[in-house]
There are 2 protein chains.
Amino acid sequence: MTEKPAPDAPRETMHERVYRELRGRLIGGRVVPGRPVTLRGLAGELGVSPMPVREAVNRLVAERALTMTPNRRISVPEMTHARFEELVTARERLEPAAARRALPYLRRSDVNRLRKIDDALEEQLKTGNVEGYVAANHAFHFGIYGAAPSDVLVPVIESLWMQSGPFMRLVYGRVGTSWLVDYHEQAMDAVLARDADALAEAIRSDILDGMRHIGNSVFEEGEQSSKRAGTR
Amino acid sequence: MTEKPAPDAPRETMHERVYRELRGRLIGGRVVPGRPVTLRGLAGELGVSPMPVREAVNRLVAERALTMTPNRRISVPEMTHARFEELVTARERLEPAAARRALPYLRRSDVNRLRKIDDALEEQLKTGNVEGYVAANHAFHFGIYGAAPSDVLVPVIESLWMQSGPFMRLVYGRVGTSWLVDYHEQAMDAVLARDADALAEAIRSDILDGMRHIGNSVFEEGEQSSKRAGTR
DNA sequence: CTTTCGTAAATGTGATCACGCTTCAAAGGG
DNA sequence: CCCTTTGAAGCGTGATCACATTTACGAAAG
């Protein structure tokens with residue numbers, strides 16, 4: 001699953017491995033927002049020298065998946081209402097477009113694969129396995145977006161997921177996952193029907209419903225879909 | 001103008017300065033796609049040790065503004081038709097949203113500032129100063145988007161501009177800028193009218209018209225080959 | 001018991017070096 | 001004259017160290 005043939009990759013560098021490990025932790029929410037991260041600490045934990053960790057962390061800071069405090073200390077960024085709204089907006093704008101782009105590349109076999117992922121997802125929801133649900137949800141979405149080769153959209157969307165991951169996981173752990181509803185069925189139906197508009201709309205609804213619900217459950221339920229009139 | 005008060009920034013690190021310098025070159029198109037970039041070369045050119053350059057370049061590779069060849073060599077990425085389409089899509093989806101978000105923060109004084117930028121832009125167009133035009137266009141767009149504090153949308157959009165910059169500059173230098181039409185007037189009018197829909201539409205048209213025209217002038221129309229184009 | 005202060009540990013940053021690999025060009029053989 | 005070989009130079013990567021700054025912790029004073 002995590003295998004990467006990469007026909008023209010001479011070798012995997014250590015900072016790449018560290019980067020992938022940290023990215024997985026962020027998307028899976030296996031890190032706590034606000035917790036400090038240190039180069040030497042991670043180096044010892046991962047069994048490498050501080051140098052590759054430094055490069056990987058630097059990348060993640062560049063992608064806003066980690067943040068650097070004014071005192072030059074690295075930590076998992078804490079979520080704010082404004083940042084959450086921005087993430088919802090960016091995801092809602094980009095992911096339907098990525099799905100649209102991927103549609104011509106999605107075959108029936110891909111849909112079968114998606115269905116197996118979605119079945120596993122439902123299973124994780126039943127057993128309340130937050131970790132497994134998050135992983136399955138990620139696999140489902142990127143199983144769609146990644147069907148088309150992408151040098152821009154998919155990397156940006158991955159960055160958005162890294163930024164949302166720790167917070168989402170935190171909220172799931174707090175309010176549970178049983179209330180979750182998704183539009184994965186609609187998305188798969190749309191793929192089979194080769195209906196780009198329906199696919200885009202399914203993805204859009206999936207994002208907006210899920211994240212809006214989360215946002216409202218955590219941040220004060222003041223303004224929802226109203227025109228934002230200065231959140232400051 | 002370029003002064004950064006930054007009330008809580010203890011000091012500017014060297015790799016930050018290097019990063020800003022390189023980002024400026026990329027957005028301004030003062031680098032040539034396909035040209036190799038070396039750590040030691042840049043270090044010597046900028047008068048610093050290879051270490052800060054290494055961190056800055058690593059960030060830019062993470063943001064897809066620079067690319068790493070399979071042989072672990074760094075270079076300015078070459079544009080392909082597929083990548084260009086992705087960049088257009090991402091910009092067209094995100095920038096109107098960023099403008100919408102910024103509208104409540106835009107005051108009449110900001111519009112006056114934008115108008116001065118746009119006047120300078122027209123002047124650069126008249127004199128055929130490609131470099132100045134690109135800088136003014138950047139200042140105009142981010143003068144809008146940056147009005148609202150943003151931790152997600154604006155950084156992502158900057159990354160998109162870094163990825164487009166070298167190619168755009170190359171095309172401008174080849175086909176000229178006199179044919180350019182923009183929707184800056186419509187955007188400023190929309191801001192004054194507090195019309196979010198009109199503002200978003202002006203930004204959207206500005207992006208689509210400009211970039212579509214460029215794309216069609218460089219890539220063969222109706223072409224689906226992903227053969228690289230536009231560099232020499 | 002609370003507050004203040006000073007010392008020690010820990011942090012990110014930058015410099016320098018060694019290593020494996022690639023690239024390029026000149027020398028050698030066809 | 002063209003192709004192959006071979007050597008040196010240059011590349012990114014990782015390790016280790018020194019340094020300035022910040023945090024943490026404990027002791028002393030109130």
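Here is how names work: the chains are called A, B, and so on, in the same order as the sequence lines, proteins then strands, and each is numbered from 1.
For the contact set between residues 53-66 of chain A and DNA chain C, defined by any heavy atom under 4.0 Å, the members are A:Arg54.
One interatomic measurement links the two molecules: CG of A:Leu39 to C1' of C:dG12, which rounds to 6 Å at whole-angstrom precision. In this structure, B:Tyr19 atom OH and C:dT13 atom P are separated by 15 Å, rounded to whole Å. What separates CZ of B:Arg72 from C1' of C:dC19 is a distance of 14 Å, to the nearest Å. The interatomic distance linking B:Glu12 (CD) with D:dT21 (C1') rounds to 17 Å, in whole Å. Nucleotide C:dT11 holds its P atom 13 Å from the CE atom of A:Met68, rounded to whole Å. Atom CD1 in B:Ile74 sits roughly 16 Å away from atom P in C:dT22 (whole-Å rounding). Nucleotide C:dG20 holds its C1' atom 14 Å from the CE atom of A:Met14, rounded to whole Å. In this entry the distance linking CE of B:Met51 with P of D:dC19 reads 17 Å, nearest Å.
A donor-acceptor pair under 3.5 Å is absent between the side-chain atoms of A:Asn71 and the main chain of A:Arg73, judged by distance alone. Proximity of a side-chain donor or acceptor of A:Arg59 to a complementary backbone N or O of B:Ala62 within less than 3.5 Å is not detected. Between the side chain of B:Ser159 and the backbone N or O of B:Glu63 there is at least one donor-acceptor pair closer than 3.5 Å. Under a 3.5 Å cut-off, the side chain of A:Glu86 and the backbone N or O of B:Leu153 do form a donor-acceptor pair.
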Which protein N or O atoms sit under 3.5 Å from an N or O of nucleotides 8-10 of chain D?
none

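Crowding of B:Arg17 atom CZ: a count of heavy atoms from other residues, nucleotides or ligands under 6.0 Å exceeding 12. For B:Arg35, the CZ atom is loosely surrounded, since the number of other residues' heavy atoms within 6.0 Å does not exceed 12.
Across the interface with DNA chain D, nearest-nucleotide mapping of B:Val37 and A:Pro50 shows B:Val37 to be the residue nearer the 5′ end.
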Would you sort out whether A:Arg91 and A:Glu85 count as a salt bridge (charged side-chain N to carboxylate O under 4.0 Å, His left out), showing the intermediate values? CA-CA 10 Å; A:Arg91 289 194 53 196; A:Glu85 288 297 325; over 6 Å; no
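Residue B:Leu39 holds its CG atom at 10.0 Å from CE of B:Met51, rounded to the nearest 0.5 Å.
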Quick one: the dot-bracket string of DNA chain D, using Watson-Crick and G-U wobble pairs with both distances under 3.5 Å, [ ] for crossing pairs and | for bases paired to another strand. ||||||||||||||||||||||||||||||
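Within the structure, a side-chain polar atom (N or O) of B:Asn71 is placed less than 4.0 Å from OP1 or OP2 of C:dT23.
Ion pairing of B:Arg107 with B:Asp110 is absent here, as no side-chain N (NZ or NE/NH1/NH2) approaches a carboxylate O to less than 4.0 Å.
Note on ring orientation: taking the six-membered ring where Trp is involved, the planes of B:Phe167 and B:Phe84 are perpendicular (angle over 60°, cut-offs 30° and 60°).
Residues A:Tyr19 and A:His15 keep their aromatic ring centres 6.0 Å or farther apart.
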